[in-house]
Amino acid sequence: MRHLAAAVALLAVALGVAGFVYGEADDSPGLQFLSALLVIGAVAIGVRVARRTR
């Protein structure tokens, strides 16, 4: 279960970074904001999972 949560968090970070880059190229501040929220949320979930397993 731990590995699945880590994989999902990593995928969310990758999608967030890709969305941020695409939003910058398209000059879309809304997409950049949502992408940043996705990355921050994924990192928070990853930290929570990592702390819970110790």
Extract all donor-acceptor atom pairs below 3.5 Å that involve side chains of residues 12-24 and protein atoms in other chains or at least two apart in sequence.
none

Starting from Leu38, can I reach Leu11 by hopping between I/L/V/M/F/W/Y residues whose side chains sit under 4.5 Å apart? yes

Nearest 0.5 Å, what's the CD1-CZ distance between Ile45 and Arg52? 10.5 Å

Determine the minimum heavy-atom distance between Ala9 and Ala42, stating which atoms define it.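 Nearest heavy atoms, Ala9 then Ala42: O-CB, 3.6 Å.
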
Do Ser35 and Val39 pass the side-chain contact (heavy atoms from CB on, under 4.5 Å) test, and can you show the C-alpha distance, the side-chain angles, and the key distance before you say yes or no? CA-CA 6 Å; Ser35 298; Val39 169; 5.7 Å; no

